[in-house]
Protein chains: 2
Amino acid sequence: MEPKNLLKRRVLRDDVAEYLMESILKGELNPGDKIIESKLARELSISQGAVREAIRDLIAQGVLETEPYKGTRIRTLSKEQLNDYYDVRTEIEALAVRWSIIKHQSKYLDLNFLKSCVDSMKYCVDNNDSKNMRKHDMAFHLAIVQAAHSESLEKAWNSLGNYYWTYIAVYYDHAASLLQAQVVKHRTMYDAIATADINAYANCVRGHYFDTNQLFPEKGNN
Amino acid sequence: MEPKNLLKRRVLRDDVAEYLMESILKGELNPGDKIIESKLARELSISQGAVREAIRDLIAQGVLETEPYKGTRIRTLSKEQLNDYYDVRTEIEALAVRWSIIKHQSKYLDLNFLKSCVDSMKYCVDNNDSKNMRKHDMAFHLAIVQAAHSESLEKAWNSLGNYYWTYIAVYYDHAASLLQAQVVKHRTMYDAIATADINAYANCVRGHYFDTNQLFPEKGNN
DNA sequence: AATTCATTAAATGTTAAAAATTTTCGCAAA
DNA sequence: TTTGCGAAAATTTTTAACATTTAATGAATT
């Protein structure tokens with residue numbers, strides 16, 4: 001047995017970061033919006049320092065962006081940047097599948113869990129619960145990345161701000177038909193992994209482009 | 001013309017982070033060593049808050065690691081972790097070369113600069129200047145990653161803490177013969193890129209393992 | 001009308017000190 | 001010798017106040 005840290009101590013910055021993420025995911029905060037340290041600190045009845053630390057962490061996760069003395073904003077990506085993001089994420093996940101199969105003989109690949117994720121996604125779509133749908137979506141992809149059993153690969157993947165962007169994409173475009181298509185696509189991914197067909201997985205996961213013009217209609221600056 | 005930020009404002013945390021990196025690179029701080037905020041703050045005659053922010057940034061870059069209320073240490077990697085790190089880095093750089101050639105027709109690939117990096121590396125090796133040798137080494141690899149013209153890919157690459165680990169590997173093993181071999185290897189990489197031979201590059205850059213048992217001899221805890 | 005320049009308010013960066021937690025160390029008991 | 005307890009010291013976390021910078025406003029000037 002590995003002596004893992006079962007219970008991690010939580011510090012204030014973790015709560016703030018979580019609160020911010022929730023606000024974003026609930027749509028209360030949108031890409032481009034400014035985050036004012038002092039205001040947020042007052043709102044949560046804590047000090048400015050804790051907020052600053054949370055902000056710094058979210059910047060590292062690719063969710064926020066900042067410039068000295070200018071303030072912090074929720075990161076916005078142009079359509080080119082968003083497609084670039086998906087390209088990189090796709091390559092990393094494809095690599096994860098390859099390694100999980102080739103390097104570790106699928107030792108860390110929990111097919112049952114992956115299947116349950118897809119099933120849950122379908123359930124959520126049928127019940128129009130797009131929020132939880134995204135959670136299962138993320139769980140699916142995270143499980144794949146972790147199956148590669150590579151700390152560095154997981155680090156690289158996390159630096160992309162997946163949790164955020166995966167949500168954003170759906171937030172702006174939650175047509176039921178598209179969600180259904182997502183489920184189908186994930187089922188295909190699952191099949192590819194289950195049969196250890198690395199090429200099939202790569203092909204499936206690639207070419208996953210959004211009509212980002214539709215996602216981010218041009219609008220005035222704040 | 002793109003309205004880029006030519007001059008970025010510097011804040012204290014940047015100076016602190018730089019100071020810490022220098023200390024590490026000079027060998028004054030070693031993997032596993034603890035960093036005490038209050039002591040460092042006194043040493044630099046600044047407040048503890050600024051140190052904390054710098055630490056948070058270096059954690060994101062994979063250089064430091066921390067646990068709530070327990071403090072911060074310079075990250076140590078087991079030999080398995082170090083090899084894993086190189087595996088991931090290698091894949092990302094190979095991908096960068098592929099994209100720089102296929103997606104952008106080598107538009108952002110500055111062959112002259114790459115060549116100058118290799119030449120500088122050779123010069124440093126001949127003059128036994130391993131420190132600057134590493135700088136040119138890093139410049140070489142960074143240029144390759146940037147040639148892919150992918151913001152997300154560069155982000156992922158940066159999250160690995162390359163600057164730090166590249167140095168560490170050499171710090172512990174600076175046999176001249178090994179440095180010479182490094183130059184040869186980089187020349188081979190350059191040739192592969194110059195002739196747009198993606199496979200050759202991938203083959204060359206792969207299998208770049210260190211004898212990490214030698215690099216990190218077992219020793220007692222601090 | 002457009003531009004420059006002081007003034008001012010708001011936000012970020014920085015410092016310093018209090019509060020909370022962990023670590024250390026002495027000492028008694030098994 | 002080892003183990004366990006408790007107080008003191010060291011360190012991290014959190015707070016609160018202060019300093020600096022930016023952005024906006026408006027008067028003065030060209």
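Proteins come first, then strands; the chains are lettered A, B, ... in the order of their sequence lines, and each starts at number 1. Everything numeric in this text was worked out from a predicted model, so none of it was measured.
Atoms CG (B:Asp33) and P (D:dT11) sit 14 Å apart, rounded to a whole Å. The CD-C1' distance, from A:Glu53 to D:dT14, rounds to 9 Å in whole Å. Atom CG in B:Leu40 sits roughly 14 Å away from atom C1' in D:dT11 (whole-Å rounding). Taking atom CZ of residue A:Arg56 and atom C1' of nucleotide C:dG13, one finds them 11 Å apart after rounding to whole Å. Residue A:Lys34 contributes atom NZ, which lies 13 Å from atom P of C:dA10 at whole-angstrom precision. Atom CD1 in B:Ile59 sits about 12 Å away from atom P in D:dT12, given to the nearest Å. Regarding A:Ile36, its CD1 atom lies at a distance of 6 Å from the P atom of C:dT12, rounded to whole Å. At whole-Å resolution of the value, CZ in B:Arg10 and P in C:dT12 are 21 Å apart.
Proximity of A:Lys103 to A:His149: side-chain heavy atoms (C-beta onward) are nowhere separated by under 4.5 Å. Taking the side chain as every heavy atom from C-beta outward, A:Ile92 and A:Leu160 approach each other to under 4.5 Å. Contact of the B:Cys124 side chain with the B:His136 side chain is registered, since non-hydrogen atoms from C-beta on lie closer than 4.5 Å.
When all heavy atoms are compared, the tightest approach of B:Tyr85 to A:Ser152 is CA-OG, 3.4 Å. Heavy-atom minimum distance, A:Glu65 versus A:Ile74: OE2-O, 4.4 Å.
Using modelled atom types, one finds a donor on one side chain and an acceptor on the other under 3.5 Å when comparing B:His141 with B:Asp137.
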Trace of the side-chain contact (heavy atoms from CB on, under 4.5 Å) decision for A:Leu142 with A:Trp157: CA-CA 9 Å; A:Leu142 179 61; A:Trp157 189 75; 3.6 Å; yes
side-chain contact (heavy atoms from CB on, under 4.5 Å) between A:Asn158 and A:Glu154, worked out: CA-CA 6 Å; A:Asn158 275 325; A:Glu154 195 174 336; 3.8 Å; yes
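Among the heavy atoms of the strands lying under 4.0 Å from A:Glu37 are primed sugar atoms or P, OP1, OP2 only; no base atom is included. Residue-level contact check: B:Ile35 touches the backbone only, with heavy atoms under 4.0 Å from sugar-phosphate atoms and none from bases.
DNA chain D is contacted by both B:Ser38 and A:Ser45; B:Ser38 maps to the nucleotide lying nearer its 5′ end (nearest heavy atom per residue).
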Protein proximity profile, nucleotides 16-23 of chain D - base contact B, sugar-phosphate-only contact S, no contact -, cut-off 4.0 Å on heavy atoms: -----SSS
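When the side-chain nitrogen and oxygen atoms of A:Arg52 are compared with OP1 and OP2 of C:dT12, none of them lie within a distance under 4.0 Å.
Contacts between residues 11-22 of chain B and DNA chain D, counted as heavy-atom distances below 4.0 Å, involve no residue at all.
One distance of note links CG of A:Leu114 with CG of A:Leu109; it measures 6.0 Å at 0.5 Å rounding.
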